[in-house]
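Below is one structure, written out as structure tokens; the observations come after it.
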There are 2 protein chains.
Amino acid sequence: MNAAGLKKGLKATGRRVTRTRQAVLGLLERTPQPLSATEIFEQLQKENVAIDLVTVYRTVHVLKELGLVAQIELHHEGQARYEIKEGREHHHHIQCQMCGAIVDLLLCPLKKITKLIESQTKFVVDDHTLEFTGLCPRCQ
Amino acid sequence: MNAAGLKKGLKATGRRVTRTRQAVLGLLERTPQPLSATEIFEQLQKENVAIDLVTVYRTVHVLKELGLVAQIELHHEGQARYEIKEGREHHHHIQCQMCGAIVDLLLCPLKKITKLIESQTKFVVDDHTLEFTGLCPRCQ
DNA sequence: TCATCTATTGCAAGTGTATTGCAATTATCA
DNA sequence: TGATAATTGCAATACACTTGCAATAGATGA
Ligand SMILES: [Mn+2]
Ligand SMILES: [Mn+2]
Ligand SMILES: [Zn+2]
Ligand SMILES: [Zn+2]
């Protein structure tokens, strides 16, 4: 686990290194797909880590602030998901409408387009979301 | 108002042409930016059109099914928005993080990329979301 | 035009995700 | 180890959206 990064980030912001923060970060690190708060809660329960769902929400919030975790909002899911940023490039996702499978897309085609949008709209672009839905090979 | 399209679509699916459906469609047609269910509700109240918020939700659902209205999910807004499809190309949006202003982007750069994603992932892509956030000229 | 049928509506209640208040707990450090 | 303050769990709350059901109102045809 990236315990060093966690500890450093927490210390730097006057926060404490706790079992639950380590447990949530550890779970996200060993899970390849992005997890919702409820899924984090349920998985940790299975692993006999005592944690409240409220604490999961507060923990992912902190991990996001420290830049260790990214929050993902998939099309029509009605819940946020979280995944580790450490060692992974900025990327997007495709989700199967049938089975819900989520696959990473290892490209982001938007860098050039962002410049174009800035010149067209006079906005300063800060962020973007780009998510696809479709049918995975098994569900076609 | 596209009363003809509405009537035709409703008849074709065994539904009825009602005051509220006409009122919601009419409001969306004369509003340039996408509206949330609550905004539709509040605006119609102002115009002395009696309608319940529940009915707004049910109505936008029907208008979506008829293909007359598009549902938009902006980054971190926590609510859906609706806009007329009639006479408008498929497009995306940019929203100002400060004042909430929403501006249409009159391009969709994803047609070629979709092919690439399909060949990379073996998914059949059905849909995508692409939304930007930033600061509008007034809020910079 | 009117009666009948049934889709639609309004109201109340319910869902699901996420947030907040507060007292109890626990990490940190002298 | 004890003092301090951050963190946690629990209960309550917020908010978008949905559902059940009886009342209302379009559509149809006599
Ligand atoms: Mn990912
Ligand atoms: Mn638009
Ligand atoms: Zn990107
Ligand atoms: Zn597009």
Side-chain angles (χ1 to χ4, degrees), chain A residues 3 6-27 34-45 48-66 68-82 100, chain B residues 3-4 6-27 34-45 48-66 68-69 71-82 100:
Chain A
L6 177 62
K7 194 163 180 176
K8 189 180 157 212
L10 289 173
K11 294 276 178 184
T13 55
R15 282 190 264 236
R16 294 174 181 177
V17 181
T18 64
R19 292 185 182 293
T20 61
R21 285 170 178 167
Q22 294 177 84
V24 172
L25 185 66
L27 172 58
L35 297 177
S36 69
T38 305
E39 287 170 348
I40 293 169
F41 172 69
E42 287 170 352
Q43 182 57 35
L44 290 180
Q45 294 246 303
N48 296 310
V49 177
I51 189 171
D52 193 86
L53 180 59
V54 175
T55 305
V56 173
Y57 279 108
R58 291 197 266 232
T59 301
V60 292
H61 181 83
V62 168
L63 296 177
K64 248 197 310 177
E65 280 196 352
L66 299 183
L68 297 171
V69 158
Q71 179 173 336
I72 293 162
E73 319 247 342
L74 294 168
H75 211 181
H76 296 146
E77 264 224 324
Q79 62 181 6
R81 292 180 174 276
Y82 304 89
Chain B
L6 177 62
K7 195 164 180 177
K8 190 180 156 211
L10 289 173
K11 294 274 178 185
T13 54
R15 283 188 263 237
R16 293 176 181 175
V17 181
T18 65
R19 292 188 181 291
T20 61
R21 284 169 178 167
Q22 294 176 88
V24 172
L25 186 67
L27 172 58
L35 297 177
S36 68
T38 305
E39 287 170 348
I40 294 168
F41 172 69
E42 287 170 351
Q43 183 56 36
L44 290 179
Q45 296 246 301
N48 295 312
V49 176
I51 189 171
D52 192 86
L53 180 58
V54 175
T55 304
V56 173
Y57 279 109
R58 292 196 266 231
T59 301
V60 291
H61 181 84
V62 168
L63 296 178
K64 248 198 310 174
E65 280 196 351
L66 299 183
L68 297 170
V69 158
Q71 179 173 338
I72 293 161
E73 318 247 341
L74 294 168
H75 211 181
H76 297 147
E77 264 223 325
Q79 62 180 4
R81 291 181 173 278
Y82 304 89

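Throughout, protein chains are lettered first and strands after them, A, B, ... in sequence-line order, and every chain is numbered starting at 1.
In this structure, NZ in Lys8(B) is found 12.0 Å from OG1 in Thr13(B), a value given to the nearest 0.5 Å. Atom-to-atom distance recorded for Asp52(A):CG and Tyr57(A):OH is 11.0 Å, nearest 0.5 angstrom. Here the OG1-OH distance, from Thr59(B) to Tyr82(B), works out to 11.0 Å after rounding to the nearest 0.5 Å. Note that CG of Leu66(A) and CG of Leu25(A) are 9.5 Å apart. Values are rounded to the nearest 0.5 Å. Remark: Glu73(B) CD to Arg81(B) CZ distance equals 11.5 Å, nearest 0.5 Å.
Among the nucleotides dA27(C), dA16(D), dT17(C), the one closest to any side-chain atom of Arg16(A) is dA27(C).
Remark: P of dT9(C) and CD1 of Ile40(B) are 14 Å apart, rounded to the nearest angstrom. Straight-line distance from the CD atom of Glu73(B) to the P atom of dA16(D): 13 Å, rounded to whole Å. If you measure from atom CZ of Arg81(A) to atom C1' of dT17(C), you get 13 Å, rounded to the nearest angstrom. Residue Phe41(A) contributes atom CZ, which lies 12 Å from atom P of dT17(C) at whole-angstrom precision. Atom-to-atom, CD of Gln71(A) to P of dT17(C) comes out at 14 Å; the value is rounded to the nearest Å. When rounded to the nearest whole Å, the span between NZ of Lys7(B) and P of dA7(C) equals 19 Å. The NE2-P distance, from His76(B) to dT19(C), rounds to 10 Å in whole Å. Straight-line distance from the NZ atom of Lys11(B) to the C1' atom of dA7(C): 12 Å, rounded to whole Å.
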Below 3.5 Å is the cut-off: list the nitrogen or oxygen pairs between protein and nucleotides 8-15 of chain D, distance only.
{"unit_1": "dT8(D)", "atom_1": "OP1", "unit_2": "Thr18(A)", "atom_2": "OG1", "d": "2.9"}
{"unit_1": "dT8(D)", "atom_1": "OP1", "unit_2": "Thr20(A)", "atom_2": "OG1", "d": "2.2"}
{"unit_1": "dG9(D)", "atom_1": "OP2", "unit_2": "Asp52(A)", "atom_2": "N", "d": "3.0"}
{"unit_1": "dG9(D)", "atom_1": "OP2", "unit_2": "Thr55(A)", "atom_2": "OG1", "d": "2.2"}
{"unit_1": "dG9(D)", "atom_1": "N7", "unit_2": "Arg58(A)", "atom_2": "NH2", "d": "2.8"}
{"unit_1": "dG9(D)", "atom_1": "O6", "unit_2": "Arg58(A)", "atom_2": "NH2", "d": "2.8"}
{"unit_1": "dC10(D)", "atom_1": "OP2", "unit_2": "Asp52(A)", "atom_2": "OD1", "d": "3.4"}

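Within 3.5 Å, no donor on the side chain of Arg15(A) pairs with an acceptor on the base of dT7(D), nor the reverse.
Residue Phe41(A) is tested with Thr55(A), Leu53(A), Val49(A) for a side-chain contact (heavy atoms from CB on, under 4.5 Å); the sole match is Leu53(A). Of the residues listed (Val24(A), Val62(A), Leu68(A)), the one engaging Leu6(A) in a side-chain contact (heavy atoms from CB on, under 4.5 Å) is Leu68(A), and it is the only one.
The environment of NZ in Lys7(B) is sparse: at most 12 heavy-atom neighbours from other residues, nucleotides or ligands sit within 6.0 Å. When the shell of 6.0 Å around NE2 of His76(B) is examined, it contains more than 12 heavy atoms from other residues, nucleotides or ligands.
An end-to-end axis angle of 30° holds for the helix from dT1(C)-dA30(D) to dA30(C)-dT1(D), taken from five base pairs per end and rounded to 10°.
The nearest heavy atom of DNA chain D to Ala80(B) and to Val17(A) marks one nucleotide each, and the one closer to the 5' end goes with Val17(A).
For dC17(D), one of the phosphate oxygens OP1 or OP2 lies less than 4.0 angstrom from a side-chain nitrogen or oxygen of Tyr57(B).
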